[in-house]
Amino acid sequence: MAEMGMLYLVATPIGNLEDMTMRAVRILKEADLIAAEDTRNSIKLLNHFDIHTPMTSYHEYNKISKAKILLEKLESGTNIALITDAGTPGISDPGEELVRMALRAGIRVSPIPGACAAVNALICSGKATRRFCFEAFLPAEKKERNQILEELQTESRTIVLYEAPHRLVRTLEELYRALGDRKITLVRELTKKYETVEETSIGEALAGYCEGAADGKGREPRGEYVLIIEGRDRRELQKEQQSAISEAMTVKAHMQKYLDEGLDRKDAMKAVAKDRGVSRREIYQQLLEDWQETE
Ligand code: SAM
């Protein structure tokens, strides 16, 4: 039986062609076939690097049917390199399904690292880089979009979002409504001539931009954007949650809830104190007062 081929996930530049790695060029030259998101777009990159490997299309709209064809080829020994229009395959770009299907078929998958707008925007944003969540583009469907926006209200990690210029103002408006005037860094046109990194707040950014700014009142969003939003302070969030609990329930009712769940008095008191962010002594005192009042 012929040895199975390899699936390479090759990152390509997000603007500046000098970001193409030597390894990416070699793998694309050596592969038997290049699967590209848009062959007309990728031919320019391939010509630039003198790569003459045959190309086929692999995009959002044929990602399952075409994956089956590519899998057959991989199984019969063809080495395939997947590329997208820009950046890292699988990151807001086709790739995820093909990789999953390849792994299930026992095909080896290997990344050829390179540019990715999300990571590069994050590292120059001035926001916390240790913990972050990547939300890609917010979903287009309203209900799902609102759900995600609601979830982000209590997100303590740095939030990374992609956005297209013509939807930037609408997204900033929705972010403002959901998150308030949170700190944000707008990272634009990375690795290109008009690369900018702007630290601001969601409200200020909105005030500065105005769609179709023909009246000269604001800038018109141009180019490709990554939005890096500061996460909520965890201690503040915890305090808010604690005071919400304290407002919603009396200490007595709170204790009863844990007793009903089967905790003994000592553990229930411990849990109540933790939920409300106070000492066990305070809980004990409050219970004593409640008890004296009812005597
Ligand atoms: N796979 C790509 C990657 O690795 O970053 C992302 C592809 S996604 C379809 C395109 C989005 O990525 C753009 O709308 C923008 O939000 C972001 N993006 C791509 N290139 C960028 C650049 N040079 N500067 C800023 N953002 C960029």
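Keep in mind that the numbers below use all heavy atoms, side chains included, and drop hydrogens, waters and symmetry copies. Starting from 1, each residue takes its place in the sequence as its number. Atoms within a ligand are numbered from 1 in the order they appear, just like the ligands themselves.
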What pairs of donor and acceptor atoms, side-chain ones from residues 257-269 against any protein atom, are under 3.5 angstrom apart with sequence neighbours left out?
from: Tyr258; atom 1: OH; to: Asp275; atom 2: OD2; distance (Å): 2.5
from: Asp260; atom 1: OD1; to: Gln256; atom 2: NE2; distance (Å): 3.0
from: Asp264; atom 1: OD1; to: Lys266; atom 2: N; distance (Å): 3.2
from: Asp264; atom 1: OD1; to: Asp267; atom 2: N; distance (Å): 2.8

Roughly how far apart are Glu204 CD and Leu172 CG, rounded to 0.5 Å?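 Going from CD on Glu204 over to CG on Leu172, the span is 12.0 Å.
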Of the options Glu230, Lys127, Glu198, which is the one that meets Thr185 in a side-chain hydrogen bond (donor to acceptor under 3.5 Å, both in side chains)?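 Among Glu230, Lys127, Glu198, the one that satisfies the side-chain hydrogen bond (donor to acceptor under 3.5 Å, both in side chains) with Thr185 is Lys127.
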Got a sec, which residues hit side chain to side chain donor-acceptor pair (under 3.5 Å) with Glu282, two or more places apart in sequence or on another chain?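 Once residues adjacent in sequence are excluded, Glu282 has no partner under the side chain to side chain donor-acceptor pair (under 3.5 Å) criterion.
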Partner residues of Arg182 under the side chain to side chain donor-acceptor pair (under 3.5 Å) criterion, sequence neighbours left out: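 Testing Arg182 for side chain to side chain donor-acceptor pair (under 3.5 Å), a comparison that skips the adjacent residues, returns none.
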Near ligand 1, which residues have a heavy atom under 4.0 Å away from one of its atoms?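 Within the 4.0 Å shell of ligand 1, which is judged on heavy atoms, sit Ile14, Ala86, Gly87, Thr88, Ile91, Ser92, Asp93, Cys116, Ala117, Phe137, Tyr162, Glu163, Glu189, Leu190, Lys192, Glu224, Tyr225, Val226.
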Going through the distances and angles, do Asp32 and Thr78 end up as a side-chain hydrogen bond (donor to acceptor under 3.5 Å, both in side chains)? CA-CA 6 Å; Asp32 302 307; Thr78 309; 5.2 Å; no
